[in-house]
Amino acid sequence: MPIVKYPRATEPLWHEWDEKAQKCGLRHTVYAVNGDQYTGEWLNNLKHGKGTQVWKRTGAIYSGDWKFGKRDGYGSYSIPDPVTKEYKKVYTGWWKNDRKCGYGATFYPGGERYEGEWSSGLQSGWGRMYYQDGSIYEGQWLAGRPGGQGMLRLPNENRYEGGWKDGKKHGPGKFFYLDKGQLFEGIWAADIPKCGILIDFGRDEAPAPTQYPIPKV
């Protein structure tokens, strides 16, 4: 009498198909125990290729490239607005090992925006930051803060060009007081000018020049 083998009760067919889909790189949807959801490509039971992850607790969505279970490549991360529930982009750009890395743009609450380079999840390299008060910083960044050479332009068009350290003016720099028609050139330390020289600069075009010009030495 031939022996008939039946599938084990503990191994339903859907479980076998699920494993095959994940191992073969097919698009597949998987729900985690905590309610998180991933739809996309797989390799050896890891998210790999193109896919979309939805986190149930926060409602956040990442859509883009994955590599061995981590965000790696190009993708966008969005979160729902707590009031309107509409999704707003938080970051669009490049990732490596689950962190922002390479060129990308981040959108902050209040309308602030950063466009530039990242490393290990922090602004590093060249970048431009648009602040809520209308100021714009453009230049080098280090570990999430302005560091190196850069320019800060204020809403009234006054600007600083020079060195930065830990997000503050530091080292040789120039501050153009275009509203008054003056230029300060000197050395800065932790946002404080330590020494330098103040001269008239574009006084005739300044909207609010000082009452008397600076005498020439």
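Because only heavy atoms are used, hydrogens play no part in the values below, and waters and symmetry mates are left out as well, while side chains stay in.
For the pair R113 and F107, the cation-pi test (distance below 6.0 Å, angle within 45°) is failed.
Here the side chain of N158 pairs a donor or acceptor atom with the backbone of D179 at under 3.5 angstrom. Judged purely by atom type and a 3.5 angstrom limit, W141 uses its side chain to pair as donor or acceptor with the backbone of G127. Between the side chain of N44 and the backbone N or O of L46 there is no donor-acceptor pair closer than 3.5 Å. A donor-acceptor pair is defined here as one N or O able to donate and one able to accept, closer than 3.5 Å; no such pair exists between the side chain of E112 and the backbone of Y130.
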Original post:
Between Y31 and D36, is a side chain to side chain contact (heavy atoms under 4.5 Å, CB included) present by the stated rule, with each step listed?
Top reply: CA-CA 6 Å; Y31 296 86; D36 294 349; over 6 Å; no
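Two residues are said to be in side-chain contact when any heavy atoms from C-beta on lie closer than 4.5 Å; L152 and R159 fail this criterion. No side-chain heavy atom of I199 sits less than 4.5 Å from a side-chain heavy atom of Q182. Taking 4.5 Å as the limit, every side-chain heavy atom of I197 sits out of range of all side-chain heavy atoms of F184.
Using a 4.5 Å cut-off between side-chain heavy atoms of Ile, Leu, Val, Met, Phe, Trp and Tyr, with links allowed through other members, V90 and Y131 fall into the same hydrophobic cluster. Y114 and L142 end up in different hydrophobic clusters when Ile, Leu, Val, Met, Phe, Trp and Tyr side chains are linked at under 4.5 Å. Residues I192 and L183 fall into different hydrophobic clusters, defined by Ile, Leu, Val, Met, Phe, Trp and Tyr side chains chained together at heavy-atom separations under 4.5 Å. Under a hydrophobic-cluster definition in which Ile, Leu, Val, Met, Phe, Trp and Tyr are linked whenever side-chain heavy atoms come within less than 4.5 Å, directly or via other members, Y87 and Y38 are assigned to different clusters.
In terms of heavy-atom proximity, G134 sits nearest to P155 at C-CG, 4.0 Å. Annotation for S135 and L154: closest pair OG-CD2, 3.8 Å, computed over non-hydrogen atoms. For the pair K96 and C101, the tightest heavy-atom approach, listed with the atom from each and the gap, is CB-CB, 3.7 Å.
Tested against W118, the residues Y91, W126, W94 include a single ring-ring contact (aromatic ring centres under 6.0 Å, His included) partner, Y91.
Scored by the side chain to side chain donor-acceptor pair (under 3.5 Å) test, Q53 finds K47 as partners (sequence neighbours excluded). In terms of the side chain to side chain donor-acceptor pair (under 3.5 Å) criterion, residue partners of K169 (sequence neighbours excluded) are, by chain and number, D191. Partners of Y160 under the ring-ring contact (aromatic ring centres under 6.0 Å, His included) rule, at least two apart in sequence or in another chain, are W164, W188.
One finds no salt bridge joining K50 and E41 here, because no Lys/Arg side-chain nitrogen approaches an Asp/Glu carboxylate oxygen to under 4.0 Å.
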Table please: side-chain donor-acceptor pairs of residues 69-83 below 3.5 Å, with sequence neighbours left out.
residue	atom	partner	partner atom	Å
K70	NZ	N97	OD1	3.1
R71	NE	D98	OD1	2.9
D72	OD2	N97	N	3.1
D81	OD1	V83	N	2.8
D81	OD1	T84	N	2.9
D81	OD1	T84	OG1	3.4
D81	OD2	K88	NZ	3.0

Give every donor-acceptor pair under 3.5 Å between a side-chain atom in residues 56-63 and any protein atom, sequence neighbours left out.
residue	atom	partner	partner atom	Å
T58	OG1	A60	N	3.3
Y62	OH	D65	N	3.2
Y62	OH	D65	O	2.8
S63	OG	T52	OG1	3.2

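Note that the CZ atom of R128 and the CD1 atom of I136 stand 7.5 Å from one another [nearest 0.5 Å]. One distance of note links CZ of F175 with CZ of F201; it measures 13.5 Å at 0.5 Å rounding. Distance CD/E161 to CD/Q149: 10.0 Å, rounded to 0.5 Å. Here the OH-CZ distance, from Y137 to R145, works out to 13.0 Å after rounding to the nearest 0.5 Å.
Neither side chain, R99 nor S119, offers a donor N or O lying under 3.5 Å from an acceptor on the other.
The side-chain hydrogen bond (donor to acceptor under 3.5 Å, both in side chains) contacts involving residues 102-111 comprise Y108-Q123, where partners must be two or more places apart or lie in separate chains.
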